[in-house]
There are 2 protein chains.
Amino acid sequence: MNNIVNITKALADDNRVRALMILAGHELCLCQIIELLNLAPSTVSRHMSILRRAGLVESRKENRWVYYSLPKGNIPSYVTDVLEWLRTALDKDVQIKKDRKRLKEIMKVDLEIICRRQMKS
Amino acid sequence: MNNIVNITKALADDNRVRALMILAGHELCLCQIIELLNLAPSTVSRHMSILRRAGLVESRKENRWVYYSLPKGNIPSYVTDVLEWLRTALDKDVQIKKDRKRLKEIMKVDLEIICRRQMKS
DNA sequence: AATATATTTCGTTATTTGGCCAAATATAGT
DNA sequence: ACTATATTTGGCCAAATAACGAAATATATT
C-alpha cells in the first residue's frame with residue numbers, strides 16, 4: 001500500500017504530472033524540465049526526486065547533466081499501468097498539448113544555453 | 001488535467017484508498033466505513049466527499065443513512081481505468097486483506113447498533 | 001410538534017507540502 | 001588546484017490538508 005500511495009502522492013501535483021507527461025518518448029535533462037515548468041531549479045529537482053522515489057522516473061548522470069526518463073526494464077506492472085493510464089487520460093489535455101509544443105522549441109536550443117539562462121535569473 | 005489531478009489527489013491518502021477498496025462489490029453505509037477506518041464521523045464524511053468530488057464514488061441517501069458505492073453507469077473511462085489499476089495493485093496488500101476480513105465482521109452487525117456505538121465515543 | 005439519530009459543515013489545531021533562496025556537492029575544463 | 005557550471009540539500013515561509021469536537025442539517029419515530 002505504501003508503494004501505491006507513494007505513487008498517487010507523486011501524481012497529486014500538476015507540475016509533477018506535467019513533467020512526467022513531457023518525458024514520454026525521450027529522456028530530458030533537468031534544465032529542460034526546469035525551462036518547461038518555469039520554476040526554480042531547486043524546486044524542479046525536488047519534484048523529480050519525488051517522482052524517482054515513487055519509481056515513476058529514472059535518472060542518469062552524464063557529465064554535468066542529469067537526464068530523466070520514464071523507467072525501462074524490470075518495472076512492477078503497477079508502475080507501467082499507472083503511466084499508461086495517465087498517458088491515455090491526458091493525451092488530449094490542453095495544458096499537455098501546449099507543453100509538447102513548447103518542448104519542441106526547447107529541444108532546439110543547446111543545453112548549455114538553456115542552463116546558463118537559468119543561472120542568471 | 002484538473003479532472004485527473006483531482007483523482008490523484010483523492011487517491012493520495014491511505015484512508016481514502018482503504019475506503020475505496022472496501023467498496024468493491026457492494027455499497028456500504030457511512031457508519032460502516034467509519035467503523036472500519038476508526039476515525040471521527042466528520043473526518044470520514046469529509047474523506048468520502050473528496051472521493052465523490054473526484055468521481056470515484058457515488059452516494060445515495062436512504063432514510064437516515066447514506067450509502068456509498070463505486071460509480072456505475074455512464075462513467076468516464078479514466079475513472080474505471082484508475083479504479084481497475086488500484087484494485088489490481090492492492091489485491092494482495094496486507095492492510096487491504098485485513099480490512100476485508102474486518103469488514104465481514106462489521107457487516108454482520110446491524111447498522112443501528114454500529115451507528116449508536118459511534119455516538120457514544 | 002418534539003425527540004432521537006445519522007450525516008455534514010464549521011472552526012480550530014497540527015502537520016505536510018510547494019515554493020524560493022542560499023549554501024553544499026559533484027563534475028569539467030583551465 | 002582553481003573556476004565555472006549543473007544539480008541537490010537545507011532552511012524558511014505561506015498555503016493546503018487531515019484530524020477533531022461542536023454545532024447545524026436532514027430524516028424518522030413518538
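In what follows, every chain begins at residue 1, and chains take the letters A, B, ... in the order their sequences are listed.
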- Message: Nearest 0.5 angstrom please: A/Met48 CE to A/Leu37 CG, how far?
- Response: 8.5 Å
- Item | B/Ile114 CD1 - C/dT7 P separation (whole Å) | 10 Å
- Rounded to whole Å, the CG-C1' distance (B/Asp14 to D/dA19) equals 14 Å
- Task: Grab the CD1-P distance between B/Ile34 and D/dA19 for me, whole Å please.
- Result: 13 Å
- Separation of D/dT7 C1' from A/Ile33 CD1 (nearest whole Å): 12 Å
- Item | Nucleotide C/dT7, atom P - distance to CD of B/Gln32 in whole Å | 9 Å
- Message: Can you measure B/Arg53 atom CZ to D/dT17 atom P for me and round it to whole angstrom units?
- Response: 9 Å
N/O contacts under 3.5 Å, protein versus nucleotides 13-19 of chain C?
| residue | atom | partner | partner atom | Å |
| --- | --- | --- | --- | --- |
| C/dG18 | OP1 | A/Arg16 | NH1 | 3.4 |
| C/dG18 | OP1 | A/Arg16 | NH2 | 2.9 |
| C/dG18 | OP2 | A/Arg16 | NH1 | 3.4 |
| C/dG19 | OP1 | A/Asn15 | ND2 | 2.9 |
| C/dG19 | OP2 | A/His47 | NE2 | 2.3 |

- Message: Tell me whether A/Arg100 is salt-bridged to A/Asp91, with the criterion being a basic N under 4.0 Å from an acidic carboxylate O.
- Response: yes
- Run the salt-bridge test on A/Glu84 and A/Arg87 with the 4.0 Å N-O cut-off and return the result as yes or no. yes
- Message: For a 4.5 angstrom cut-off between non-hydrogen side-chain atoms, does A/Leu11 reach A/Arg16?
- Response: no
- Reading nucleotides 24-30 of chain D from the 5' end, what letters show protein touch, with B for base, S for backbone sugar-phosphate only, - for no heavy atom under 4.0 Å? --SSS--
- Could you tell me whether A/Tyr67 contacts a base, only the sugar-phosphate backbone, or nothing, with contacts defined as non-hydrogen atoms closer than 4.0 Å? nothing
- By salt bridge (Lys or Arg N to Asp or Glu O under 4.0 Å) - contacts of B/Glu112 (at least two apart): B/Arg64, B/Arg116
- Task: Return the nearest nucleotide to the side chain of B/Cys31; candidates are C/dT8, C/dT7, D/dT7.
- Result: C/dT7
- Query: Below 4.0 angstrom, N of the basic side chain to O of the carboxylate: do A/Arg60 and A/Glu62 qualify?
  - Reply: yes
- Sidechain-backbone polar pair: A/Trp85 side chain, B/Asp81 backbone, donor-acceptor under 3.5 Å: no
- Atom OH of A/Tyr68 and atom P of D/dA6 are separated, to the nearest Å, by 15 Å
- Query: Toward the 5' end of DNA chain D, which comes first, A/Ser42 or A/Leu111, by nearest nucleotide?
  - Reply: A/Leu111
- Message: Within the structure provided, determine whether B/Glu58 and B/Glu27 are in side-chain contact (heavy-atom separation under 4.5 Å).
- Response: no
- Query: Is the side chain of A/Arg102 donor-acceptor paired with the backbone N or O of A/Glu35 at a distance under 3.5 Å, no angle test?
  - Reply: yes
